[in-house]
Amino acid sequence: MKLAKVKVVDERTGVPVDSVAVIEGESARVLSLSRAGISTLAELLHSEDPRKVAEDLSSGARTYSIADVKLLAPIDYQEVWAAGVTYKRSQIARMEESETGASHYDLVYTADRPEIFFKATPNRVVHPGEAVRVRHDSDWTVPEPEFTLVLNPKLEIVAYTIGNDMSARDIEGENPLYLPQAKVYRQCCALGPYVLLADEPLALAETKVELRIHRSGEQVFQGDTNLGQLHRKLPELAEWLGKEDDFPTGAFLLTGTGIVPDDDFSLEDGDEIEIEVTGIGVLRNSVVKGQK
Ligand code: DO4
Ligand code: MG
């Protein structure tokens, strides 16, 4: 089952309100969450049985065409974290970009403990269709298309979504200690547009992650990978995140990129990014370059 956080105009009051929809093909069945005593997607996802809650609320729900609802990032109040160097492609790219840090990336790929870093708070996450940002002080920034885990407060994987871990490769490459500045800034992350409930088995090798970038109407990059290439197990990443830490509001965990454009590629103002993941959908965002 796929769910989305949506903004629709309340028929009674005429005021736009955030709600949750069950997505079936091109239609969105907008749920009356208050019937279940909840008010957010997170509360639904953190319930004992998210599918049952959504199914129960579906009866009598109003159906819209997806084109008529605004799709929001499926985040409420959770923190966003990310794993790094979880694919061979990322290990190689990181070693190429960093003279001083190359051995760290080499070591972390095979180490028991994965690289996990803080990525964003909800205010830094952009909605589908909105712009992600290239920092004004970066001349080499790329999108990182990442399969993303939605975790409840017990850090159980309750759903999957699509994430974009925007990364300033020049800042990260200059010195590994600059990682938080390369990764965390305004509009540094996109999530959505849908979450896929994780209550059915996931065929890793058949789950393709594809990145397409368009500039002035032309495709300037295409690359793909699949979850069979991921060097870590998904529950293992969630377990490491939870060691000696608490997530009372749940968390999103991006699981790393397996697609890195060639070193001469950087995003430009006005580019259009599409990240497609089998079974989830397509996350589309434009790019804005920050001004000094
Ligand atoms: O330290 C590097 C971060 C790498 C990363 O974000 C990734 O592999 O996706
Ligand atoms: Mg990443």
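Read the numbers this way: they start at 1 and go in the same order the structure lists the ligands and their atoms.
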NZ/NE/NH1/NH2 to OD/OE distance under 4.0 Å, [X] and [Y]:
X: Asp56; Y: Arg35; answer: no
X: Arg212; Y: Glu276; answer: yes
X: Lys183; Y: Glu144; answer: yes

Within a distance under 4.0 Å of any heavy atom of [X], pick out the atoms of ligand 1 and give their elements.
X: Asp165; value: 6 (O)
X: Gly256; value: 9 (O)
X: Gly84; value: 4 (C), 5 (C), 7 (C), 8 (O)
X: Ser90; value: 7 (C), 8 (O)

Arg169: which of Thr141, Asp139, Val142 passes side chain to side chain contact (heavy atoms under 4.5 Å, CB included): Val142
[X] and [Y]: side chain donor to acceptor below 3.5 Å:
X: Asp224; Y: Gln222; answer: yes
X: Ser27; Y: Glu24; answer: no
X: Asp106; Y: Gln91; answer: yes

Ligand 1 contacted by Glu146 (non-hydrogen, < 4.0 Å): yes
Looking only at protein heavy atoms, identify the closest one to [atom] and say how far it is in Å.
atom: atom 2 (C) of ligand 1; result: Glu172 OE2, 3.0 Å
atom: atom 3 (C) of ligand 1; result: Glu115 OE1, 3.5 Å
atom: atom 6 (O) of ligand 1; result: Lys183 NZ, 2.7 Å

Atom name, Glu146 (N, O or S, nearest to the Mg ion (ligand 2)): OE2
Would you say [X] and ligand 1 have an N/O pair spaced under 3.5 Å apart?
X: Ser167; result: no
X: Val85; result: yes
X: Glu144; result: yes

Point-to-point distance, once rounded to the nearest 0.5 Å, from CG of Leu149 to OH of Tyr160: 7.5 Å
Nearest-0.5 Å distance, CG of residue Leu45 to NZ of residue Lys5: 11.0 Å
Ligand 1 contact on Leu254 by region, counting heavy-atom pairs under 4.0 Å: neither
Part of Tyr105 with heavy atoms under 4.0 Å of ligand 1, whether side chain, backbone, both or neither: side chain
Flag, side chain of Glu274 to backbone of Glu272, donor-acceptor distance under 3.5 Å: no
At the Mg ion (ligand 2): angle between Glu144 atom OE1 and Asp165 atom OD2, to 10 degrees: 90°
